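Take a look at the structure set out below.
Throughout, protein chains are lettered first and strands after them, A, B, ... in sequence-line order, and every chain is numbered starting at 1. Nothing here was measured: the structure is a model prediction, and the numbers come from that model.
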2 protein chains.
Amino acid sequence: MESVAPRTSSARSRPATAEDVARLAGVSRSAVSRTFTEGASVSEATRQRVVEAARALKYRPNLMARSLMTNRSFMVGVAVSHLDNQFYPEVVEQLSDQLGAIGYRVLLFITHGNTELDPMLDELLRYRVDALILASSSLSSALAEECRQGGVPVIMFNNTDLANRTPAVAGDNTHGAAMAADFLWAAGHRRFGFIAGIEESSTSREREAGFKDALRRHGADRPMRACGHFTFDGAMAATRQLLSAPTPPEALFCTNDHMALAAIEVARSEFGLTPGRELSIVGFDDVAIAAWPGFQLTTYSQPVAHMVARTVGLVKDALAGTKDGQCHHIIQGDLIVRASARRPATGIVRTPEGQEIWRRA
Amino acid sequence: MESVAPRTSSARSRPATAEDVARLAGVSRSAVSRTFTEGASVSEATRQRVVEAARALKYRPNLMARSLMTNRSFMVGVAVSHLDNQFYPEVVEQLSDQLGAIGYRVLLFITHGNTELDPMLDELLRYRVDALILASSSLSSALAEECRQGGVPVIMFNNTDLANRTPAVAGDNTHGAAMAADFLWAAGHRRFGFIAGIEESSTSREREAGFKDALRRHGADRPMRACGHFTFDGAMAATRQLLSAPTPPEALFCTNDHMALAAIEVARSEFGLTPGRELSIVGFDDVAIAAWPGFQLTTYSQPVAHMVARTVGLVKDALAGTKDGQCHHIIQGDLIVRASARRPATGIVRTPEGQEIWRRA
DNA sequence: TTGAAAGCGCTAACAA
DNA sequence: TTGTTAGCGCTTTCAA
């Protein structure tokens with residue numbers, strides 16, 4: 001490098017501070033602060049001059065500095081295990097939107113289903129997030145207790161942790177899975193298969209229990225079972241395993257859509273079965289792809305927007321100190337009837353939105 | 001509520017500060033600070049006592065406070081337009097992972113393709129993020145200039161903004177689209193259709209130019225054209241429009257996979273066409289779903305991990321002050337050959353990973 | 001309504 | 001290696 005770059009006046013200039021603005025406007029720092037604080041008492045005259053000076057200097061209040069005094073960072077930590085299925089991206093998008101609407105931003109953590117995520121969350125807490133939302137990730141009771149002590153509300157999403165008594169928002173796993181069983185039974189199926197998600201997750205366990213209990217009530221045989229670990233490849237393998245059995249199942253319930261879609265793919269491409277005809281497949285979530293013409297997946301819906309709204313409500317309550325007694329918030333869904341599973345003779349009704357859902361007799 | 005909840009000693013206790021730790025350990029605040037600062041000089045003895053005291057008090061350094069002195073928040077703002085296609089969730093996941101590996105966290109912004117996102121980004125800058133990554137979102141040159149002045153590096157991802165001279169990382173749009181054209185030409189097609197994304201986006205424009213220029217070189221007729229706006233529904237409509245023409249195209253190039261998948265769905269379910277036989281469809285991105293048995297989408301790949309690695313590299317350089325001359329970083333991909341488009345007689349080779357790709361003669 | 005002053009929790013010069 | 005001191009940019013009493 002032969003020549004020294006000229007130091008243009010604009011280069012490297014540090015962002016304007018409240019002090020700078022105050023000086024230019026000929027007022028005190030406090031006046032500047034008040035101008036940028038909702039509902040503080042400033043005369044219209046000074047407010048005017050401050051705003052003008054701020055604009056001239058392109059002043060932006062430093063939220064980090066503010067948080068030091070207010071103890072509010074206006075950030076919410078969101079931990080999610082993966083973004084490679086269809087459900088969680090929608091959850092994250094909704095969280096970002098709905099938290100954004102009340103002035104909060106999402107600090108994202110992707111845990112990769114790591115069970116040992118305490119270190120990650122520990123780090124997250126250094127950022128002094130105002131709340132922690134755990135979407136399908138859990139934390140140790142020790143850390144949960146620390147959060148409680150530290151005044152950081154923790155809310156679980158689509159996953160519950162009975163031991164911790166941590167507030168949680170989830171779909172109606174038991175009911176949804178039971179509906180799936182009842183629906184398949186009503187369609188005349190008698191030989192069932194079940195594909196589990198992650199064995200340890202409350203979500204998978206509850207859906208399994210709901211499914212099996214309902215089958216038992218009907219007097220059905222125990223379903224065949226395989227584990228798909230909530231992954232696409234895992235579900236493909238699980239489907240192969242079930243469909244290769246000497247007497248394969250006539251109907252398959254998968255604990256989420258991501259796996260149900262994998263099951264459809266395998267059934268079609270490897271076993272030449274048409275879902276809805278030779279094999280019935282039911283999922284859980286009602287992700288966008290489930291409605292694509294090529295899948296037409298019958299599935300129990302999790303209304304993400306509602307679930308997120310409830311979650312954000314819990315965040316607000318917790319931040320406002322409104323202690324809310326109810327710990328687990330269960331959000332009802334519907335069994336959306338499409339073409340991937342045989343239709344029962346009765347019980348299918350059409351909603352005003354034009355969707356078909358199934359109601360028990 | 002009849003009884004007042006007992007104030008347990010642990011409840012509402014504010015998190016421990018460096019001061020608290022110092023007092024308990026019998027050292028100064030600086031000693032505590034140094035203990036938690038990489039490569040600071042502390043004797044093993046004091047370090048020991050500090051760590052112990054910190055553990056006892058469950059001390060966690062407050063990164064907000066630290067950032068006030070260091071001017072480093074260890075947060076990177078990531079603005080992404082949507083999470084409802086297949087590409088961006090993967091990008092966000094990679095960004096989170098790779099930034100996480102160098103100690104940075106993602107502060108997420110979802111812009112919903114809002115062209116007027118300056119207010120959003122303006123707000124983001126209040127958080128004093130150390131860098132800003134714009135994935136398929138652009139910002140005004142005014143704000144870009146402000147960022148530069150404020151010392152916040154801005155990097156565009158999968159989207160370029162020639163006017164701003166903002167550093168950008170993108171796939172090889174021109175080359176990829178030309179490859180798609182050459183591939184379809186080599187397969188013997190002569191009547192082409194093109195589905196655009198968002199008209200204003202550099203991504204869509206470059207892919208359109210690359211595709212059309214290549215066709216022109218072959219002496220082909222101008223392709224029929226429709227706009228899918230990068231959305232699934234938009235692409236379905238666009239496909240219907242093209243396939244309903246009196247002389248519909250034999251081959252369709254879509255500017256991303258999300259739209260190509262929509263095209264496959266419509267071609268199959270509404271026109272009874274089998275992609276790869278009666279109609280060839282080529283996409284761009286190579287998202288995970290493209291490889292599903294039911295789609296087998298031929299597409300030009302964008303190696304997300306590589307692209308993100310380059311992006312993170314730019315962030316590091318910018319933060320280290322290593323000014324990097326090259327402004328647009330173009331990452332090469334491959335034309336992944338699957339079954340959604342007719343195969344040319346020559347040029348298909350198998351990679352060591354077992355994937356088929358196409359090389360021009 | 002306004003400004004002065006104290007302080008949020010931390011780091012970084014500077015002496016010791 | 002350590003402690004003291006002076007801030008980082010902001011909010012918030014407290015008097016005026």
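The nearest whole Å value for the distance from the CG atom in Leu63(A) to the P atom in dC8(D) is 19 Å. Spacing between atom CG of Asn71(B) and atom P of dT11(C) amounts to 13 Å, rounded to whole angstrom units. What separates CZ of Phe36(A) from P of dT12(D) is a distance of 15 Å, to the nearest Å. To the nearest angstrom, P of dT11(C) lies 11 Å from CG of Leu68(B). If you take CD of Glu19(B) and P of dG9(C), they are 9 Å apart, rounded to a whole angstrom. Distance CG (Asn62(A)) to C1' (dG9(C)): 14 Å, rounded to an integer number of Å. The CG atom of Asp20(A) sits 13 Å away from the C1' atom of dC10(D) (whole-angstrom rounding). Put simply, CZ on Arg128(B) is 11 Å from C1' on dC10(D), counting in whole angstrom units.
Side-chain nitrogen and oxygen atoms of Thr17(B) include none within less than 4.0 Å of the OP1 or OP2 phosphate oxygen of dG9(C). Distances shown here put every side-chain N or O of Ser28(B) at or beyond 4.0 Å from the OP1 or OP2 atom of dT2(D). Distances shown here put every side-chain N or O of Thr46(A) at or beyond 4.0 Å from the OP1 or OP2 atom of dT1(C). Contact annotation: Arg66(B) side-chain N/O to dA12(C) OP1/OP2 distance is not under 4.0 Å.
Ser41(B) comes within 4.0 angstrom of a nucleotide base, judged by non-hydrogen atoms across all strands. Nucleic acid contact class of Tyr59(A) (heavy atoms, under 4.0 Å, all strands): sugar-phosphate only. If you check every strand for non-hydrogen atoms under 4.0 Å, Ser33(A) touches a base. The residue Val32(A) sits apart from the nucleic acid: no heavy atom pair falls under 4.0 Å.
Judged as a ring-ring contact (aromatic ring centres under 6.0 Å, His included), not a single pair has a partner in residues 132-157 of chain B (not counting sequence neighbours).
Interface remark: the Arg34(B) side chain does form a donor-acceptor pair with the dG3(D) base, using a distance-only criterion of under 3.5 Å. Taking only distance into account, the side chain of Arg60(A) never meets the base of dG9(D) through a donor-acceptor pair shorter than 3.5 Å.
With a 4.5 Å cut-off on side-chain heavy atoms, Thr203(A) and Asn159(A) count as touching.
Mapping Met64(A) and Arg29(B) onto DNA chain D by nearest heavy atom places Arg29(B) at the nucleotide closer to the 5' end. For Ser43(B) and Met69(B), each mapped to the nucleotide of DNA chain D holding its nearest heavy atom, the one lying further toward the 5' end belongs to Ser43(B).
Aromatic ring pairs are classed by plane angle as parallel below 30°, tilted from 30° to 60° and perpendicular above 60°; the pair Phe74(B) and Tyr104(B) is tilted.
Here the side chain of Ser30(A) is nearest to one of dG9(C), dT12(D), dT11(C), namely dT12(D). Of the listed nucleotides (dG3(D), dC8(C), dT11(C)), dT11(C) has the atom at the smallest distance from the side chain of Thr70(B).
Heavy-atom minimum distance, Arg310(A) versus Val169(A): CG-CG2, 3.9 Å. Between Ala131(A) and Val315(A), the shortest heavy-atom contact is CB-CG1, 4.1 Å.
Gln48(B) and Glu44(B) share a donor-acceptor pair across their side chains, judged by distance under 3.5 Å alone.
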